[in-house]
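Working notes, beginning with the structure itself.
In the text below, chain A, chain B and the rest are named by the order of the sequence lines, each starting its count at 1.
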There are 2 protein chains.
Amino acid sequence: METSPHRISAAESEVMKVLWTDSPKPAEEVLAILAKEQGWAEGTVKTLLNRLLKKGAIAADKDGRRFLYRPLIGREDYVDAESQGLLDRLFDGRLAPLVSHFSKREKLNPEDVAELRRLLEKIDDGQ
Amino acid sequence: METSPHRISAAESEVMKVLWTDSPKPAEEVLAILAKEQGWAEGTVKTLLNRLLKKGAIAADKDGRRFLYRPLIGREDYVDAESQGLLDRLFDGRLAPLVSHFSKREKLNPEDVAELRRLLEKIDDGQ
DNA sequence: ACATTTCGTTTACATGCGTAATCGATGTCT
DNA sequence: AGACATCGATTACGCATGTAAACGAAATGT
């Protein structure tokens, strides 16, 4: 583990999520979204943006008097690291045991199952 | 959700893992395993056991001069909370998008696919 | 030019966490 | 009984995190 210089915390990932959805964005817009979605105060968002900058997870490009923020690490990479981490910690690194777990806990409704089945078919076609 | 008063941290979950594998166990045995697997010192394991006690995640039953520790929360519940948390945060709470992600990242080998297929069949039989 | 607004930067602070060392009570050996 | 060993409890400490306020520089309006 310990790939990136610094890990992205839960709160920080909310900021990343905003930037992944649409960027570049000025702090003001990021704040507007997170104030609404998370109820965070301005200072909080400022801090998180700065911590992400320090961690090298985002970049800030000067645009007149303000900065425009954009992600430097890809959402896919982040999601991948998080997912793989969970699988490694809890399911021996494999996906099937996780699915099995959900099944046992009756957290799979027929639609989920159908969707998974479609996915598998598509995968088979692809190879 | 949010049953337990306090969350179990990463380090603490290693202790839980030991107790889930086999319990009850005296601190000495827990230490022996974690010293080997994680390289942790005695004090570290003692602290973690105590924090877990305070959190109500484990219990300690007096056995002569020592205590025998055993988990109070089930491994299944823990795994479930962690997994669901990840799905909620990253995949809209659903399993299929996660599988899709793994597929896109080419993290599914044919064996995984076959295993998933078997699982789905079993699930269909069951319902 | 000066007051005001607007941003980003710096500082703050309580918790939680990882990682231990030390203390203290109790049991054991001689 | 007194010294020693054991084991849990208490205290420690730096870094991360969530949450923010205060500060300072730059742009704008008047």
Open item on the list: By nearest atom, which of the nucleotides C:dC17, D:dG18, C:dC7 is closest to the B:S9 side chain?
Closed with: C:dC17
- [ ] When you get a sec, tell me which of D:dT19, C:dC7, C:dG18 is the closest nucleotide to the side chain of A:R66?
- [x]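 Within the option list, the nearest is C:dC7.
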Open item on the list: A:D63 vs A:K25, test: salt bridge (charged side-chain N to carboxylate O under 4.0 Å, His left out). Steps then yes/no.
Closed with: CA-CA 10 Å; A:D63 171 53; A:K25 268 183 174 8; over 6 Å; no
[N] [atom2] sits how many Å from [X] [atom1], rounded?
{"X": "A:K55", "N": "D:dC15", "atom1": "NZ", "atom2": "P", "value": "15 Å"}
{"X": "B:K54", "N": "C:dC17", "atom1": "NZ", "atom2": "C1'", "value": "14 Å"}
{"X": "A:E28", "N": "C:dT5", "atom1": "CD", "atom2": "P", "value": "16 Å"}
{"X": "B:K62", "N": "D:dA9", "atom1": "NZ", "atom2": "C1'", "value": "12 Å"}
{"X": "B:I8", "N": "C:dG18", "atom1": "CD1", "atom2": "C1'", "value": "16 Å"}
{"X": "A:R7", "N": "C:dG18", "atom1": "CZ", "atom2": "P", "value": "14 Å"}
{"X": "B:L52", "N": "C:dC17", "atom1": "CG", "atom2": "P", "value": "10 Å"}
{"X": "A:R65", "N": "D:dA25", "atom1": "CZ", "atom2": "P", "value": "18 Å"}

Task: Rounded distance [0.5 Å steps], CZ in A:F102 versus CG in A:D112 - done: 9.5 Å
Open item on the list: Treating A:W40 as the side-chain partner and A:I33 as the backbone partner, does any N or O pair qualify as donor plus acceptor under 3.5 Å?
Closed with: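 Looks like no, no N/O pair under 3.5 Å.
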Open item on the list: Using a 3.5 Å distance criterion without hydrogens, assess whether the side chain of B:D92 forms a donor-acceptor pair with backbone atoms of B:R94.
Closed with: no
TODO: Just call it for A:A60: base, sugar-phosphate, or nothing, with non-hydrogen atoms closer than 4.0 Å on any strand.
DONE: nothing
Is any side-chain N of the basic residue among [X] and [Y] closer than 4.0 Å to the acidic one's carboxylate O?
{"X": "A:E14", "Y": "A:K17", "result": "yes"}
{"X": "B:E28", "Y": "B:R66", "result": "yes"}
{"X": "A:K104", "Y": "B:E76", "result": "no"}

Which protein N or O atoms sit under 3.5 Å from an N or O of nucleotides 20-23 of chain D?
from   : atom 1 : to    : atom 2 : distance (Å)
D:dA20 : OP2    : A:A41 : N      : 3.4
D:dA20 : OP2    : A:T44 : OG1    : 3.1
D:dA20 : O5'    : A:T44 : OG1    : 3.4
D:dA20 : N7     : A:G43 : O      : 3.3
D:dA20 : N7     : A:T47 : OG1    : 3.1
D:dA20 : N6     : A:T47 : OG1    : 2.2

